[in-house]
There are 2 protein chains.
Amino acid sequence: MSLRIAALGLLAKQPGSGYDLLKLFEKSLANVWPATQSQLYGELNKLAESGLIEVSAVGPRGRKEYRITDTGREELQRWVLHPEDDPPQRSSALLRVFLLGEVPPQQARRHMIALAEHSDAEVERLQALNDSLDWDDDASSFFARAALEYGLRVNAMQADWARWVIAELDRRRPAESSGSDMPELAREKT
Amino acid sequence: MSLRIAALGLLAKQPGSGYDLLKLFEKSLANVWPATQSQLYGELNKLAESGLIEVSAVGPRGRKEYRITDTGREELQRWVLHPEDDPPQRSSALLRVFLLGEVPPQQARRHMIALAEHSDAEVERLQALNDSLDWDDDASSFFARAALEYGLRVNAMQADWARWVIAELDRRRPAESSGSDMPELAREKT
DNA sequence: GTCGTCATGTAAGATGTTACATGATTTA
DNA sequence: TAAATCATGTAACATCTTACATGACGAC
C-alpha cells in the first residue's frame with residue numbers, strides 16, 4: 001500500500017515519468033521507502049487505472065509523464081492523516097539483538113560494538129547529506145528536513161543504546177574478557 | 001527470511017509446537033517481529049524440510065513438537081552475526097512525515113501532536129511491560145530486556161523529536177498555530 | 001454431550017525482489 | 001557509429017495477510 005502512496009506523494013510535488021520518480025526514490029526517498037524499478041512501473045499503471053494519477057504528456061521513447069488527479073490528492077491526504085492502519089513494524093536489527101543470547105558472549109559483544117560503530121557512521125552520512133542539501137523554504141522541504149532529523153536522532157540513540165548494552169554486559173561478566181579482543185569502548189556520544 | 005529465523009530462535013531456547021510458538025510470538029516477540037498463524041505453520045514445515053529443525057515428539061491432536069538441530073543452531077548464529085544482508089528498512093511513519101507538506105498546515109500540526117502523544121503512551125505501555133516481567137539472569141533474558149530498552153528509547157526519542165518539529169513549525173508560522181484545536185474548516189483553503 | 005481450547009492446515013491475493021528483455025534517443 | 005542514458009515492461013519467486021476449513025481432546 002505504501003509504495004503506492006510514496007509514488008503518489010512525489011507526483012503531488014511535481015509531475016514526472018516513472019524514470020523521473022525512480023531517480024527521486026534513489027535520491028530523496030532512499031532512506032524512507034526504498035523501491036525497485038519493477039515495482040514502481042507496476043504501481044504507476046495501477047495508480048493510473050484507479051484514477052489517482054493520469055498521463056499528462058507523452059514524450060520520446062514512449063515516455064509517459066504522470067500527474068496527480070484531485071482524487072489522488074484526496075487519497076494522499078487521507079492516508080497521511082491515518083497512521084492507525086499501518087502494517088505492524090518489523091525490525092530485523094531488533095530481532096537480532098533479541099536472539100543474541102544464542103551466540104557465544106564474545107561474539108555477541110563484538111556484534112554490539114559493530115552496531116554502535118555502524119550507527120556512528122550513519123550519523124555522519126546523514127549529517128553530510130543534511131549539509132550538502134540546500135533546503136527551500138516551503139512546507140515540503142521542511143518536512144523532508146524533519147524526516148532527516150529523525151534519522152539522525154534514531155542513529156544517535158542507537159549508538160548510545162548499543163554502548164549501554166555493552167556496559168551492562170561487561171558489568172555482568174567482567175572477568176571473561178580473555179585478552180584477545182579488547183577494543184576500547186571509549187566514547188559515550190557527545 | 002526473518003520469520004524463519006525468529007521461529008528458529010524461539011526453538012533454540014526450548015522445543016515446542018507451532019501452537020506453542022504462536023503464543024510466544026504474541027507474548028514475547030509481538031513488538032519485534034509479529035507473525036500470523038498461517039505463516040508460522042508454513043515456515044515450520046519448510047524449516048523441517050531444510051533440516052534446521054526436526055519433530056522431536058508427536059502428541060495428541062496431531063501435535064508436532066519441534067526441536068532445533070545442530071545445523072539449525074549454526075544457521076541461527078550465522079544469521080544473527082550478519083546484519084549486512086538485511087532487507088532495507090521501510091518506515092511508513094517516516095513516509096507520512098515526509099509527505100506532511102501535502103496536507104493543510106493545521107492538520108499537519110495536529111498529526112505531529114498525535115504522534116508525540118502516541119509515543120508517550122507507548123513508553124508507558126513498555127514501561128509497564130518491563131515492570132511486570134520478572135527477568136531471569138541468563139543471557140537470553142538479558143537480551144530480551146535490552147530489546148525492550150530499545151523500544152523505550154525509540155519512543156522517548158520519537159516524542160522529543162515530534163515536539164521539536166512542532167516547535168519549529170510554530171517558529172516558522174507563529175500566528176496561525178496556537179490556542180484552539182478547533183478544526184477551522186473555513187480557513188483551510190486560503 | 002457440548003463447549004472451549006488445542007492443533008494444523010489450504011487458498012487467494014497483495015507486496016516486494018531479482019533477473020531478464022527490449023528498444024529509442026542523445027552525445028562523444 | 002558506439003556507448004551511455006532514457007524508458008518501460010514481464011516472469012519467477014519469496015513473503016505476508018486474511019479468511020476459511022477441519023478436527024481432536026479435556027473439562028464440566
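Reminder, nothing fancy here: chain letters follow the sequence lines and each chain counts from 1.
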Checklist line | Short side-chain to backbone donor-acceptor contact, B:Asn130 and B:Leu126, under 3.5 Å | finding: no
Next item on the list: Could you check whether B:Arg90 gets within reach of a base, just the sugar-phosphate, or nothing at all, counting any heavy atom under 4.0 Å?
Entry: sugar-phosphate
Margin query: Tell me the interatomic distance from A:Leu22, atom CG, to D:dC6, atom P, rounded to whole angstroms.
Written below: 11 Å
Checklist line | DNA chain C contacts made by residues 47-66 of chain B, counting heavy atoms under 4.0 Å | finding: B:Arg61, B:Gly62, B:Arg63, B:Lys64
Checklist line | N-O pairing of B:Asp120 and B:Arg163 below 4.0 Å | finding: yes
Next item on the list: Give me the residues of residues 74-87 of chain B where at least one heavy atom lies under 4.0 Å from an atom of DNA chain C, by number, or none.
Entry: none
Next item on the list: Starting at CD of A:Glu54, measure out to NZ of A:Lys64 and round the result to the nearest 0.5 Å.
Entry: 13.5 Å
Notebook entry, point to check: Which residues pass the salt bridge (charged side-chain N to carboxylate O under 4.0 Å, His left out) test with A:Glu65, sequence neighbours left out?
Noted result: A:Arg63
Checklist line | Residues touching DNA chain C, which here means a heavy atom under 4.0 Å, drawn from residues 23-45 of chain B | finding: B:Lys23, B:Gln37, B:Ser38, B:Tyr41, B:Asn45
Item checked: Listed once per pair and sorted, the ring pair (Phe, Tyr, Trp, His ring centres under 6.0 Å) pairs that draw on residues 119-157 of chain A, sequence neighbours left out -> A:Tyr150-B:Trp161
Item checked: Residue pair B:Val97 / A:Ala147: nearest heavy atoms and the distance that separates them -> CG1-N, 4.4 Å
Check: Is it true that B:Glu49 and B:Lys46 have a side-chain N and a carboxylate O under 4.0 angstrom from each other?
Finding: no
Note to self: My understanding is that only residues two or more places apart in sequence, or in another chain, count here; which of them pass side chain to side chain donor-acceptor pair (under 3.5 Å) with B:Ser91?
What the structure shows: none
Margin query: Counting only heavy atoms and a strict 4.0 angstrom limit, can you tell me which residues of residues 6-15 of chain B come near DNA chain C?
Written below: none
Note to self: Going by salt bridge (charged side-chain N to carboxylate O under 4.0 Å, His left out), name the residues that satisfy it together with B:Asp160, two or more places apart in sequence or in a different chain.
What the structure shows: none
Next item on the list: Calculate the interatomic distance between A:Met1 atom CE and D:dC16 atom C1'; express it in whole Å.
Entry: 15 Å
Note to self: Taking the cut-offs as 6.0 angstrom to the six-membered ring centre and 45 degrees off its axis, would you call A:Arg153 and B:Trp164 a cation-pi pair?
What the structure shows: yes
Next item on the list: Only counting residues at least two apart or in another chain, list the ones meeting side chain to side chain donor-acceptor pair (under 3.5 Å) with A:Asp137.
Entry: B:Arg172
Checklist line | Span of DNA chain C, from the first to the last nucleotide whose atoms fall under 4.0 Å of chain A heavy atoms | finding: C:dT15 to C:dT25
Notebook entry, point to check: Just by modelled atom types, is the B:Gly51 backbone N or O under 3.5 Å from a matching donor or acceptor in the B:Thr69 side chain?
Noted result: yes
Notebook entry, point to check: Considering residues at least two apart in sequence or located in another chain, which fulfil the side chain to side chain contact (heavy atoms under 4.5 Å, CB included) criterion with B:Ala48?
Noted result: B:Ile53, B:Tyr66
Note to self: Quick check against the 3.5 Å criterion: does B:Ser132 have a side-chain atom that pairs as donor or acceptor with the backbone of B:Leu129?
What the structure shows: yes
Exercise answer: donor-acceptor pairs, residues 27-41 of chain A side-chain atoms, under 3.5 Å, sequence neighbours excluded:
{"from": "A:Ser28", "atom 1": "OG", "to": "A:Leu24", "atom 2": "O", "distance (Å)": "3.3"}
{"from": "A:Asn31", "atom 1": "OD1", "to": "A:Arg125", "atom 2": "NH2", "distance (Å)": "2.8"}
{"from": "A:Tyr41", "atom 1": "OH", "to": "A:Tyr19", "atom 2": "N", "distance (Å)": "3.4"}

